[in-house]
Amino acid sequence: MPARRALSGTALIGLVAAVIVAVALPVFTSGYVVYIANLLLVFVVLCLGLHIVIGETGQFSMAHAAFYGIGIYASALANRAVDLPYPVAMLFGALVAGAVGLFIGALALRMRDIYLALATFAFGEAMQWVFANWDSVTNGPNGLRISPARFGPIEILSDKQAYPFVLFFCLVMIGLTVAISRSRLGRSFRAVRESEVAAMAMGIDVRRARIVSFGLSAAIAGFAGGMFGLFQTFIHPDSLGFQTTILVLTMVVVGGLGSIAGAIGGAIVFGLISEVLRQAPQYQEIIYGAILILFMMYAPRGLFAFIGDRIREARHGR
Amino acid sequence: MVAENMAAETAAPFLDVEGLTIRFGGLTAVGGLDMAVAKGSIHALIGPNGAGKSTTFNCISRFYTPSEGRITYDGRDITRMPAREMAGLGIARSFQNLELFGELTVFENVLIGAHVHAGRSWRDAISARPRGIVEHVDELLERTGLTSYAQTKARNLDFGHQKMVEIARALAIRPKLLLLDEPAAGLRNREIAALDRLLCELRERDGLTILLVEHVMQLVMSISDRITVLSFGTKIAEGTAAEVRANPAVIEAYLGREAAHEAAHA
Ligand SMILES: Nc1ncnc2c1ncn2[C@@H]1O[C@H](COP(=O)(O)OP(=O)(O)OP(=O)(O)O)[C@@H](O)[C@H]1O
Ligand SMILES: [Mg+2]
């Protein structure tokens, strides 16, 4: 069955190795490494969200830090307000972000390309302003303390404790994204991306597809926000601005626009790069920029397509 | 009895276009067109460049909305219905300037054609290979000679095969009425012959009604049951291939007045 091509040997070995490393990580590393791993996994989910709207449906969003922020605040506030297991608060965060996403998606219907990018950018800026100034809810520019997540009797107080949950929710979200992408809904997203008129002729409701993809994308970003609250004790509006949106956009594009593996790989590789660069703060931006330019020049179709091409070349002895 | 039944069937055309008028600003692209397409027939719509064929075609598939007139399909007035509802009614179309899902595989292109059938159950809707539909897609790929390209990106195919993907994707709708805008344009002779065979088979075996906009006369004359000729947005002739070919107005529209004069005196 050609559509369900079996995983190649190398890919399978890589996958198994990745799973072993991921599962065993907290056993042999320090708290700091686990903290970075948690953060990377949250970025993976954030990238999955952005992938739905940009990669699958081909619509620009420059507002994903805002949806992420809505998820963080909404799940933290829900967690504080009612004494329920933390996953309920996470779902609440995803729902609120998703509802706002649906609304933005409906407004975005009349816009395209650069206009859509600018409009979503404006929304992102507005949301950051709301986070910083709605004192009674978000505690404004002082930032909000996030109380520890609880799963029944277990209370999460350290990064190592949080890690299995973060990893689990990340895997669930990867599964969900793959399922959406393979489904009839995912096909309708890609049809809209490739040709709206042809999609319409196939009976696809183009407007609905665009709105739903925005909503789903925002909900997944909001869920990433809930995951953040699993191991973080504090959120500050400064970290929910345009820089974060650009970072996520970079991860998705450099990983390989339109591919789920690309979004995941981009999040991990670029998350690591920016973390390493943090060691040399005075050169951070310039090195980051240079790496980005090199990627755009030599791997314009993304990291994974690039690696795939190299492997194929090596096999065919060129 | 039999004669009466036949009369009843011919009385109500499957697709009925009445007084269709489409204006773009000051330009009347189509003016008062009447055209009746019989069920199970191949009906060709021909005419010189800019005659208004694609405009008519786009009105029937509801991508354009007519300024005046009425379009009735299978006894239902579709004049003001949204384009995306056409697939559900069994009206499929191709695009004159290919509108493929270029980055997707041929298989996925055709699978998306079956969109309206792929959501009957929850399980179908979440499946990458919905049951019953995948088999139909494979069959369509077979019939259009695309089986070996199933996993190729549509964008990477040659032009002839891309045109076939357009048709296979339209057929995945399981249409009752198939609208084709210049399917033979740019094809080589061998490909035109294959198209000729496919369209005849669709009429004979599948009972499809086909409205064909086409410039390739070799194809039009060989397969059409009836031909409508447009020139400058109005109908100048209608009839069988033989009738249309012999019509002086048609010859004039295609070749110009002098050539028509010469042809008449040859
Ligand atoms: N969207 C539009 N806006 C303005 N004018 C249009 C539009 N579509 C078509 N026209 C005009 O309407 C007339 C008929 O065009 P149409 O595309 O229907 O011709 P056609 O018979 O399909 O020609 P061809 O054989 O070249 O495809 C032309 O003069 C064309 O310029
Ligand atoms: Mg045309």
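Being a predicted model, the structure only gives us computed values, none of them experimental. Below, chain A is the first sequence line, B the second, and so on; all start at residue 1.
Nearest heavy atom pair, residue L100(B) against residue S195(A), reads O-CB, 4.2 Å. Taking all atoms of both residues into account, the shortest heavy-atom contact from R190(A) to L104(B) is CD-CD2, 3.8 Å. The minimum heavy-atom distance between G102(B) and E194(A), with the atom names listed, is N-OE1, 3.2 Å. Between A87(B) and A201(A) the shortest heavy-atom distance is CB-O, 3.6 Å. The shortest heavy-atom contact between M202(A) and I112(B) is CB-O, 3.9 Å. In plain terms, the two heavy atoms of S183(A) and A125(B) that are nearest each other are CB-O, 3.3 Å.
Residue with the most contacts toward chain B among A198(A), A199(A), G258(A): A198(A) (heavy-atom pairs, distance under 4.5 Å). Top candidate by heavy-atom pairs under 4.5 Å with chain B, chosen from L185(A), I180(A), D205(A), is D205(A). Ranked by heavy-atom pairs under 4.5 Å with chain A, the list R169(B), E85(B), E166(B) is led by R169(B). When each of P130(B), G119(B), A92(B) is scored by its heavy-atom pairs under 4.5 Å with chain A, the top score falls to G119(B).
Without hydrogens or angle criteria, E108(B) side chain to R187(A) main chain gives no donor-acceptor distance under 3.5 Å. Between the side chain of R184(A) and the backbone N or O of H115(B) there is at least one donor-acceptor pair closer than 3.5 Å.
Within 6.0 Å of atom CZ in F63(B), more than 12 heavy atoms from other residues, nucleotides or ligands are found, so the atom counts as buried in its surroundings. Atom OH of Y298(A) has 12 or fewer heavy atoms from other residues, nucleotides or ligands within 6.0 Å. The neighbour count for R207(A) CZ, taken as heavy atoms of other residues, nucleotides or ligands under 6.0 Å away, does not exceed 12. Atom CZ of F169(A) sits in a crowded spot, with more than 12 heavy atoms from other residues, nucleotides or ligands closer than 6.0 Å. Crowding of F14(B) atom CZ: a count of heavy atoms from other residues, nucleotides or ligands under 6.0 Å exceeding 12. Around the CZ atom of R188(B), the shell of radius 6.0 Å holds no more than 12 heavy atoms that belong to other residues, nucleotides or ligands. For F159(B), the CZ atom is densely surrounded, since the number of other residues' heavy atoms within 6.0 Å is greater than 12.
With values rounded to the nearest 0.5 angstrom, M200(A) atom CE is found 10.0 Å from R93(B) atom CZ.
Contacts between S127(B) and chain A at a heavy-atom distance below 4.5 Å involve the backbone alone (N, CA, C, O). For chain A, the nearby part of F95(B) is the side chain; its heavy atoms alone come within less than 4.5 Å.
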